[in-house]
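These notes are about the structure you will find just below.
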Amino acid sequence: MEDLRSQTLPMCVKLGYGMGQFSEGIAYNFYYYFYTFFLIQVVELSPAAAGIISGLSVLWDAISDPIIGCLSDCSLSPLGRRRSFIGKAAVPLGVIVVVLYIKPPLSGAALVGWICIVNFIFWLFFTICDVPWLILGNELTDKFDEKTQLRTISTVLLFLGQTAAAGLTLPVISFFSVQLDSEWKGWAAWGVIIGLITTMGFYISFRATKGRDMILSKSATPEQVPLQFSFHHWVKELATTVKELCWVKGFLSLFLIGVLATAAVGVFASGSVFVLTDTYGADELHITLCNILSSLWAILMTQLLGKLATKTDKKAVLVIVFSTVASSLFLIWILPDNIWTFYLSVALFFIGDAGFWTLMFSMAGDMTELDEYQHKKKREGLITSFLCFSTKAGCAAGMWLFGTELDFIGYSSESVSMNVSLASNIRSAFFLPIIVCYVGCFLLACKYPYSRKEYENIKAHL
């Protein structure tokens with residue numbers, strides 16, 4: 001494994017590994033963009049209930065991230081520490097995606113209970129695939145720029161998955177709804193397709209990285225297998241490790257950036273369809289075109305920002321991105337409003353989103369590498385899984401916040417078209433949290449300690 005880390009990764013490995021993020025992108029963007037909408041419009045739950053269920057489910061996903069990360073750190077599977085999780089969970093994940101979008105013949109508390117259980121199972125299997133997959137990416141190479149290249153390819157595939165989920169969902173569901181003479185059957189049919197694609201993408205990633213995952217011997221030492229040798233004290237050990245992570249240089253900055261950047265994603269993904277339909281009166285075609293074009297724009301920005309970061313510095317690029325997006329969105333919010341300025345705000349948002357996903361885990365890879373050199377501890381899984389926790393917790397907060405805001409301002413699909421003030425309030429509920437989140441991201445990116453120069457200096461001395 002160590003020899004392979006120092007070699008240049010073949011393109012087939014980079015693309016194959018990146019297919020895991022294609023699966024991630026199509027599965028969670030289908031959820032983030034449309035699940036709240038599905039619960040309100042198809043299942044007919046209240047906005048507050050839909051927001052709470054979605055938020056708590058994603059929060060559960062966040063809580064399970066460190067657990068799965070720790071378990072993958074100490075796995076003795078002959079398939080590898082990370083790949084064993086991906087290989088075993090890919091099929092169950094695809095199946096539960098299908099179940100997620102089937103409207104059960106239930107009502108009241110039984111309906112809510114069923115939805116909560118299915119959500120929790122979905123996010124558990126998503127975590128079992130996704131967290132080891134992310135950690136594996138940090139272990140494939142130890143080269144500063146190649147980490148960025150690997151994440152750039154993965155992020156492009158992430159946004160291709162997002163394009164499919166966000167851009168094709170409404171027209172495909174409309175088609176199936178007509179063919180099957182039922183709206184919820186249209187959702188279920190599209191869920192089957194998403195489930196199959198999700199399983200296939202993670203399986204391709206599993207196969208492409210064969211032989212590149214660390215396999216621990218059953219005679220491994222405690223230093224090689226953290227927590228394995230004191231499992232009965234697991235909770236205590238985990239709490240101690242969390243305290244240690246807070247002192248890892250750069251960890252808190254990236255952790256809080258993860259929370260804020262993905263809180264903005266949670267608000268944007270769950271709120272954009274409501275803003276487009278209820279504030280601007282956009283039809284299905286406009287929403288589909290907006291989602292497809294914005295995702296393609298994000299792919300372009302991912303490649304541009306990735307190349308810029310390899311030629312200059314990851315930290316500098318992230319600081320510029322967050323400051324530009326926050327200030328521009330604020331100006332758009334206070335200036336006279338129309339649908340074209342909203343489209344501009346979408347383009348700006350995806351610059352920030354592309355910068356975050358392209359550079360966040362690449363920077364985390366640098367940080368974990370330096371941490372291992374400095375403290376002689378292998379905790380890639382712990383650090384990466386806690387950063388995953390930050391992104392899921394942020395999304396949960398954003399989805400919960402927007403659903404709560406809709407309920408607070410008195411949202412109902414019948415009244416919006418007759419109430420200009422309510423439509424304006426929906427727009428403010430959408431913009432303000434995103435602006436605040438990106439201002440926070442800018443300040444935290446400034447505090448992140450590792451520029452390219454600092455990274456190279458430290459590594460040279462170690």
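The figures that follow rest on heavy atoms only: side chains count, while hydrogens, waters and symmetry mates do not. For reference, positions follow the sequence shown, starting with 1.
For Asp313 and Tyr455, the side-chain atoms include no donor-acceptor pair closer than 3.5 Å. In this model, no donor atom of one side chain and acceptor atom of the other lie less than 3.5 Å apart for Thr310 and Thr148. No hydrogens or angles considered: nothing links the side chains of Trp123 and Ser64 as a donor-acceptor pair under 3.5 Å.
Without hydrogens or angle criteria, Thr209 side chain to Arg212 main chain gives no donor-acceptor distance under 3.5 Å. Side-chain N or O atoms of Ser428 include none that pairs as donor or acceptor with a backbone N or O of Asn425 at under 3.5 Å. In terms of modelled atom types and a separation under 3.5 Å, the side chain of Lys315 and the main chain of Tyr448 share a donor-acceptor contact. With hydrogens and angles disregarded, no donor-acceptor distance shorter than 3.5 Å links the side chain of Trp357 to the backbone of Thr155. Between the side chain of Glu146 and the backbone N or O of Leu9 there is at least one donor-acceptor pair closer than 3.5 Å. Thr341 places a side-chain N or O within 3.5 Å of a backbone atom of Asn338 that can act as its donor or acceptor partner. Formation of a donor-acceptor pair under 3.5 Å by the Thr199 side chain with backbone atoms of Ala90 is found in this model. Put simply, the side chain of Ser345 gets close to the backbone of Phe342: a donor and an acceptor are under 3.5 Å apart. Checked by atom type and distance alone, the side chain of Ser328 never pairs as donor or acceptor with a backbone atom of Val325 at under 3.5 Å. Although no hydrogens or angles enter the test, the distance criterion places a donor-acceptor pair under 3.5 Å between the side chain of Ser294 and the main chain of Asn291.
Taken to the nearest 0.5 Å, the OH atom of Tyr450 stands 11.0 Å off from the CE atom of Met363. We find the SG-CG distance between Cys446 and Leu443 to be 6.5 Å, quoted to the nearest 0.5 Å. One finds the NZ atom of Lys147 at 14.0 Å from the CZ atom of Phe361 (value rounded to the nearest 0.5 Å). Leu348 contributes atom CG, which lies 8.5 Å from atom CH2 of Trp297 (distance to the nearest 0.5 angstrom). How far CE of Met360 is from SG of Cys441: 9.5 Å, rounded to the nearest 0.5 Å. In this structure, CD in Gln303 is found 7.5 Å from CD1 in Ile299, a value given to the nearest 0.5 Å.
In this structure, Lys103 has no salt bridge (charged side-chain N to carboxylate O under 4.0 Å, His left out) partners at least two apart in sequence or on a different chain.
When all heavy atoms are compared, the tightest approach of Cys388 to Thr391 is O-OG1, 2.7 Å. Between Val98 and Ile102, the closest heavy-atom pair is O-CG1, 3.4 Å. Among all heavy-atom pairs drawn from Ser23 and Ile197, the shortest one is OG-O, 3.4 Å. Across all non-hydrogen atoms, the minimal contact from Leu111 to Pro104 is CD1-CG, 3.6 Å. For the residue pair Leu134 and Arg151, the shortest heavy atom distance occurs at O-NH2, 2.9 Å. Between Ser295 and Thr163, the shortest heavy-atom contact is CB-OG1, 2.7 Å.
In this structure, Leu305 and Leu359 have side chains that are not in contact, with every pair of non-hydrogen atoms separated by 4.5 Å or more. Within the 4.5 Å cutoff, side-chain heavy atoms of Val112 are placed close to those of Cys116. Counting only heavy atoms from C-beta outward, the side chains of Leu39 and Val42 never approach each other to under 4.5 Å. Looking only at side-chain heavy atoms (C-beta outward), Ser272 and Val346 stay at 4.5 Å or farther from each other. Two residues are said to be in side-chain contact when any heavy atoms from C-beta on lie closer than 4.5 Å; Trp60 and Asn119 fail this criterion. For the pair Val319/Phe442, a side-chain contact is recorded, criterion being any heavy-atom separation below 4.5 Å from C-beta on. For the pair Leu296 and Ile292, the minimum side-chain heavy-atom distance is below 4.5 Å. Looking at heavy atoms from C-beta onward, Leu370 lies out of side-chain contact with Glu454 at the 4.5 angstrom threshold.
Screening Phe431, Tyr438, Phe350 for a ring-ring contact (aromatic ring centres under 6.0 Å, His included) involving Phe268 leaves a single residue, Phe350. For the pairing with Tyr101, the ring-ring contact (aromatic ring centres under 6.0 Å, His included) check across Phe34, Tyr35, Phe122 returns one residue only, Tyr35.
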Steps toward side-chain contact (heavy atoms from CB on, under 4.5 Å) verdict (Tyr28, Tyr32):
CA-CA 6 Å; Tyr28 83 61; Tyr32 289 161; 3.1 Å; yes
Check the pair Phe349, Phe430 against ring pair (Phe, Tyr, Trp, His ring centres under 6.0 Å), reporting the backbone distance first and the verdict last.
CA-CA 12 Å; Phe349 171 82; Phe430 177 81; 7.9 Å; no
Where do Cys129 and Phe85 land on the side-chain contact (heavy atoms from CB on, under 4.5 Å) test, with the steps shown first?
CA-CA 6 Å; Cys129 279; Phe85 286 80; over 6 Å; no
Apply side-chain contact (heavy atoms from CB on, under 4.5 Å) to Thr141 and Gln149, showing your working.
CA-CA 11 Å; Thr141 179; Gln149 293 166 5; over 6 Å; no
Going through the checks in order, is the side-chain contact (heavy atoms from CB on, under 4.5 Å) test met by Ile117 and Ile121?
CA-CA 6 Å; Ile117 291 170; Ile121 295 173; 3.9 Å; yes
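The environment of Phe330 atom CZ is sparse: at most 12 non-hydrogen atoms of other residues, nucleotides or ligands sit within 6.0 angstrom. A 6.0 Å sphere centred on CH2 of Trp400 holds no more than 12 heavy atoms belonging to other residues, nucleotides or ligands. Counting heavy atoms of neighbouring residues, nucleotides and ligands inside a 6.0 Å radius, atom CH2 of Trp333 does not exceed 12 of them.
Taking the six-membered ring wherever Trp is involved, the centroid distance between the rings of Tyr17 and Trp133 falls below 6.0 Å. The aromatic ring centroids of Phe386 and Phe255 lie 6.0 Å or more from each other. Aromatic pair Tyr31/Phe126: ring centres not closer than 6.0 Å.
Using the six-membered ring where Trp is involved, Phe37 and Trp187 have ring planes that are tilted, between 30° and 60° apart.
A salt bridge links Asp145 and Arg452; the closest N-O separation between the charged side-chain nitrogens and carboxylate oxygens is under 4.0 Å.
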